Peer 1: 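Before I ask anything, here is the structure I am working with.
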Amino acid sequence: MLPISSFRLVKKLCAAQKHKIKEPTHLSSGDFNHAVSTYRQMLLRGVRPDRHTLPRILTASRLSGSFSFGKQVHGQALKLGFSSDHYVTTALIEMYGRLDGADAAKWLFDKSPRRNSVSWTLLAKLYVMEDKPRLAIDLFNQMVDSGADIDLVALATAIGACGLLKSLQEGRNAHQIARKCGLEFDVLVSNSLLKMYIDCGSMRDARAVFDQMPSKDAISWTAMVRGYVRKGGFNEGLKLFRQMNVEGIKADPLAISSILPACARTAAHKNGKEIHGYLIRNGIDKNLTVLNALMDMYVKSGYIEYAWNIFSGMKDRDVISWTVMILGYSFYGRGELGVGLFREMEKSGVEIDQITYVAVLYACYTARMVEDGRFYFNCLEAPKVAHCALMVALLAGAGLFDEATAFMEKRKIERHAEVLRALLDGCRIHQHQQQNGSTGKRVIEQLCDLEPLNAENYVLLSNWYAHHAKWDMVNRMRETIRDMGLRPKKAYSWIEFRNKVHVFGTGDVSHPRSRRIYWELESLMKKADEEGMRPNSDYSLHEVEEERECIPIGHSEMLATSFGLISTERGATIRVTKNLRICCHCHSFAKFISKIVGRQILIKDPTYFHHFKDGSCSCGD
DNA sequence: CTAGGGTTAG
């Protein structure tokens with residue numbers, strides 16, 4: 001009786017462990033100890049472990065991280081003569097690989113008398129996990145040469161390694177092998193091909209695989225959606241997501257978390273709200289990842305209070321939940337609340353990572369809390385460029401240019417574009433100080449030098465010349481951009497109205513209500529004039545024609561705002577999204593409008609949410 | 001009766 005029952009128990013416990021424990025290093029010792037003690041009993045009563053018991057007890061050792069016990073079992077296996085059993089060997093390879101590294105596994109593998117695709121694959125996977133895709137691919141090629149069976153799992157693993165290496169060439173090669181084996185259309189292989197092409201940055205190849213798949217599962221759809229969203233193809237992603245539902249594949253938490261970032265980044269806020277409804281209807285509104293993604297979506301859509309409601313109602317919060325909320329408040333001009341949250345987070349016991357520090361430094365920056373910023377920066381053991389750039393932004397934003405430049409020199413980060421842009425922002429804020437004008441220009445020139453093909457840098461330079469009324473140079477910059485064949489981004493603004501997104505470009509007259517939109521803006525301008533609000537005094541020197549260009553009447557964000565004013569009911573908040581940063585004229589005009597029509601206006605640009613209310617803006621200018 | 005695999009949020 002005993003051998004069979006013990007044996008079953010060991011087996012069951014191992015199986016249970018495997019399901020429960022995702023991280024093999026996490027010791028969930030209860031079950032494991034049970035398995036081990038049963039195994040010991042077995043030995044005590046003189047039951048010889050066999051080729052079925054040994055792999056399982058080795059797996060239990062691996063999952064519980066009991067390396068020394070595992071090594072004892074290894075010794076027993078050798079004594080009992082199981083050193084050439086496939087199942088024992090692979091269990092050993094995996095145990096050594098996970099607990100002592102891939103090299104230890106390789107040593108065992110090289111010694112093992114017979115290899116099969118499982119042991120090859122195992123070793124390749126270990127290399128992948130150690131971020132050594134090159135070695136994994138080499139191993140796969142050796143396996144192919146050795147004449148071993150190439151099966152689904154071996155292919156999927158090798159293809160995954162190509163993706164990790166971001167080598168399209170290796171990936172195509174593996175694809176070719178899959179084709180030869182007739183396994184190309186297996187759903188596992190196809191899914192790994194999809195992911196590999198996406199990782200290599202080729203959505204076209206990924207799409208080709210996807211379109212040819214005889215049957216697609218939720219993983220295929222999710223991978224594709226995520227691929228598009230990551231590349232900024234939000235509408236493509238949304239289209240695919242809808243199609244997935246049409247084809248009867250239920251969106252699961254993973255699919256939802258992949259599509260929500262797209263909802264967060266388009267002006268069509270109805271998408272995100274619809275998905276929220278779907279979550280509630282399907283009872284998946286408790287999943288942590290989903291809630292985090294949902295919070296982020298609301299933050300980025302301009303509904304910070306919804307995000308806060310979700311956050312405060314959450315049972316468990318992880319590092320991402322906190323980070324989203326801290327960043328959210330900062331994005332919204334409430335950095336001090338972000339810093340407050342960070343302090344609460346420190347008490348909550350959730351582990352704080354590098355990105356949380358990015359968030360809290362950003363919070364300090366938007367709240368102009370220099371002292372706190374310095375303190376949190378010093379908490380970092382190995383600050384990344386992103387942290388340094390925020391420190392520069394914080395210092396320069398507070399007018400501490402000497403400290404900012406000294407900091408840059410000390411950290412040797414003068415040649416990073418994001419750092420230079422942070423410094424430039426500071427110069428812009430403090431442009432009234434005489435010397436910052438020339439510093440600003442020098443920084444822009446450094447940027448042009450660093451990224452000669454980035455048209456935005458020349459636009460910055462051109463704007464600088466315009467600001468200083470050097471019109472011949474403005475024209476020269478325009479020629480330079482044209483001669484280099486560069487195309488600066490065009491400005492667009494979006495506003496959602498009655499489930500439809502309306503797009504405006506600069507000086508756009510294509511909207512059906514265009515006349516009314518301009519008429520509204522003109523009458524508001526007139527009122528602004530009467531109230532003595534002038535666009536900006538330093539433009540008074542400009543020639544009349546140029547000055548007209550500077551009047552924000554044709555700017556896309558104003559067109560969108562005006563459309564919002566004439567379409568929505570009185571008092572409703574207006575939400576506009578813009579792809580470029582708002583210009584300072586539109587900024588002051590928007591402040592004025594918010595006051596005179598008694599409406600709140602939210603203009604989201606790539607870096608910030610400008611919340612205009614009663615004549616002032618959340619960014620504090 | 002056993003072993004290796006493809007998807008998510010800041």
Side-chain angles (χ1 to χ4, degrees), chain A residues 4 7-8 10-12 14-15 18 50-59 62 85-95 97 105 116-126 128-129 143 149 151-161 163 183 186-196 198-199 216-227 229-230 249 251-264 284 287-297 299-300 307 317-328 330-331 353-359 362:
Chain A
I4 296 177
F7 158 69
R8 281 203 182 134
V10 172
K11 174 181 166 188
K12 231 162 70 186
C14 294
K18 214 180 157 180
D50 62 7
R51 60 194 175 89
H52 292 296
T53 335
L54 286 168
R56 291 191 165 102
I57 200 69
L58 286 167
T59 305
R62 163 169 63 84
D85 181 88
H86 270 156
Y87 291 97
V88 175
T89 328
T90 48
L92 278 170
I93 290 177
E94 183 150 36
M95 184 190 75
N116 63 4
S117 66
V118 178
S119 49
W120 283 105
T121 307
L122 243 173
L123 199 56
K125 179 70 183 178
L126 287 167
V128 167
M129 288 192 309
M143 171 184 141
D149 271 352
D151 61 19
L152 302 176
V153 187
L155 273 168
T157 308
I159 293 167
L183 292 170
D186 175 88
V187 72
L188 175 70
V189 176
S190 297
N191 283 348
S192 49
L193 283 169
L194 263 184
K195 171 124 195 311
M196 179 274 294
I198 291 169
D199 288 344
K216 310 172 177 71
D217 62 9
I219 296 178
S220 335
W221 287 94
T222 305
M224 226 33 220
V225 166
R226 196 176 108 88
V229 173
R230 281 263 144 139
I249 310 270
D252 60 0
L254 283 84
I256 299 285
S257 318
S258 306
I259 197 60
L260 278 171
C263 305
I284 40 178
N287 177 294
L288 181 58
T289 309
V290 166
L291 287 178
N292 287 343
L294 198 63
M295 266 168 53
D296 186 54
M297 183 278 292
V299 162
K300 296 213 166 78
R317 298 169 187 144
D318 65 2
V319 55
I320 295 181
S321 330
W322 289 94
T323 309
V324 166
M325 214 53 226
I326 294 169
L327 269 178
S330 319
F331 201 42
D353 67 10
Q354 300 263 331
I355 303 180
T356 323
Y357 273 104
V358 172
Y362 189 61

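Predicted, not measured: the structure shown is a model, and the values here were computed from it. Proteins get letters first, then strands, A, B, ... in listed order; numbering begins at 1 in each.
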Peer 1: Using a heavy-atom cut-off of 4.0 Å across all strands, would you classify A/Leu152 as base, sugar-phosphate, or nothing?
Peer 2: nothing
Peer 1: Hey, does A/Leu288 have a side-chain heavy atom less than 4.5 Å from the side chain of A/Ser321?
Peer 2: yes
Peer 1: Where the side chain of A/Leu327 is concerned, which of B/dG10, B/dG5, B/dG4 is the nearest nucleotide?
Peer 2: B/dG10
Peer 1: With respect to the side chain of A/Ala154, which nucleotide from B/dT2, B/dA9, B/dG4 is positioned closest?
Peer 2: B/dG4
Peer 1: Considering only B/dA9, B/dT2, B/dG6, which nucleotide approaches the side chain of A/Ile320 most closely?
Peer 2: B/dA9
Peer 1: Side chains of A/Leu294 and A/Met297, heavy atoms from C-beta outward: is any pair under 4.5 Å?
Peer 2: yes
Peer 1: From the list B/dT2, B/dG4, B/dG6, which nucleotide is the closest neighbour of the side chain of A/Tyr87?
Peer 2: B/dT2
Peer 1: What is the separation between atom CE on A/Met295 and atom C1' on B/dA9, rounded to the nearest whole Å?
Peer 2: 10 Å
Peer 1: Report the distance from atom NZ of A/Lys300 to atom P of B/dA9, rounded to the nearest whole Å.
Peer 2: 12 Å
Peer 1: Report yes if a side-chain nitrogen or oxygen of A/Arg317 is closer than 4.0 Å to either non-bridging phosphate oxygen (OP1 or OP2) of B/dA9; otherwise report no.
Peer 2: no
Peer 1: Pick base, sugar-phosphate or nothing for A/Ser258, based on heavy-atom distances below 4.0 Å to the nucleic acid.
Peer 2: sugar-phosphate
Peer 1: Measuring from atom OG of A/Ser258 to atom CG of A/Asp252, what distance do you get when rounded to the nearest 0.5 angstrom?
Peer 2: 8.5 Å
Peer 1: Expressed in angstrom and rounded to an integer, what is the separation of A/Tyr362 atom OH from B/dG10 atom P?
Peer 2: 16 Å
Peer 1: According to a strict under-4.0 Å criterion, is A/Lys216 in side-chain N/O contact with OP1 or OP2 of B/dT7?
Peer 2: no
Peer 1: Rounded to whole Å, please give me the gap between CG in A/Leu155 and C1' in B/dG4.
Peer 2: 13 Å
Peer 1: Of the candidate nucleotides B/dG6, B/dT2, B/dA9, which contains the atom at the shortest distance from the side chain of A/Ser257?
Peer 2: B/dA9
Peer 1: Return yes when atom CG of A/Asp149 has more than 12 non-hydrogen atoms of other residues, nucleotides or ligands closer than 6.0 Å, and no otherwise.
Peer 2: no
Peer 1: Picking from B/dA9, B/dC1, B/dA3, which would you name as closest to the side chain of A/Arg230?
Peer 2: B/dA9
Peer 1: From CG of A/Asp296 over to P of B/dG10, roughly how many Å is that when rounded to an integer?
Peer 2: 6 Å
Peer 1: Quick one: A/Ile355 CD1 to B/dG10 P, roughly how many Å, whole number?
Peer 2: 9 Å
Peer 1: Measuring only between side-chain heavy atoms, which start at C-beta, is A/Leu123 closer than 4.5 Å to A/Leu126?
Peer 2: yes
Peer 1: Nearest to the A/His52 side chain among B/dG10, B/dT2, B/dG4, which nucleotide is it?
Peer 2: B/dT2
Peer 1: Rounded off to whole Å, could you give me the CG-to-P distance for the A/Asp252 and B/dA9 pair?
Peer 2: 13 Å
Peer 1: Would you classify A/Val118 as touching base, sugar-phosphate or nothing, given that sugar-phosphate means primed atoms plus P, OP1 and OP2, and contacts are heavy atoms under 4.0 Å?
Peer 2: base
Peer 1: Could you check which of B/dT7, B/dG10, B/dA9 has an atom nearest any side-chain atom of A/Thr356?
Peer 2: B/dG10
Peer 1: Ignoring hydrogens and angles, answer whether the base of B/dG6 and the side-chain atoms of A/Ser192 contain a donor-acceptor pair closer than 3.5 Å.
Peer 2: no
Peer 1: At under 4.0 Å between heavy atoms, what does A/Asn116 touch on the DNA or RNA strands: base, sugar-phosphate, or nothing?
Peer 2: base
Peer 1: Any base atoms under 4.0 Å from A/Val88, or only sugar-phosphate, or nothing? Heavy atoms, all strands.
Peer 2: nothing
Peer 1: Given B/dG10, B/dA3, B/dG6, identify the nucleotide with an atom nearest to the side chain of A/Glu94.
Peer 2: B/dA3
Peer 1: Which nucleotide in the list B/dG10, B/dA9, B/dG6 gets nearest to the side chain of A/Val324?
Peer 2: B/dG10
Peer 1: Applying a 4.0 Å non-hydrogen cut-off, can you work out what A/Ser220 is touching in the nucleic acid: base, sugar-phosphate, or nothing?
Peer 2: nothing
Peer 1: Checking only heavy atoms, does the side chain of A/Thr90 share a donor-acceptor pair with the base of B/dA3 at less than 3.5 Å?
Peer 2: yes
Peer 1: Using a 3.5 Å distance criterion without hydrogens, assess whether the side chain of A/Asn292 forms a donor-acceptor pair with backbone atoms of A/Met295.
Peer 2: no
Peer 1: Take the protein atom CG of A/Leu123 and the nucleotide atom C1' of B/dA3, then report the distance between them rounded to whole Å.
Peer 2: 14 Å
Peer 1: With a 3.5 Å cut-off and just heavy-atom distances, do the side chain of A/Asn191 and the base of B/dG5 make a donor-acceptor pair?
Peer 2: no
Peer 1: Side-chain contact test, heavy atoms from C-beta onward, threshold under 4.5 Å: evaluate it for A/Asp217 versus A/Asn191 and give yes or no.
Peer 2: yes
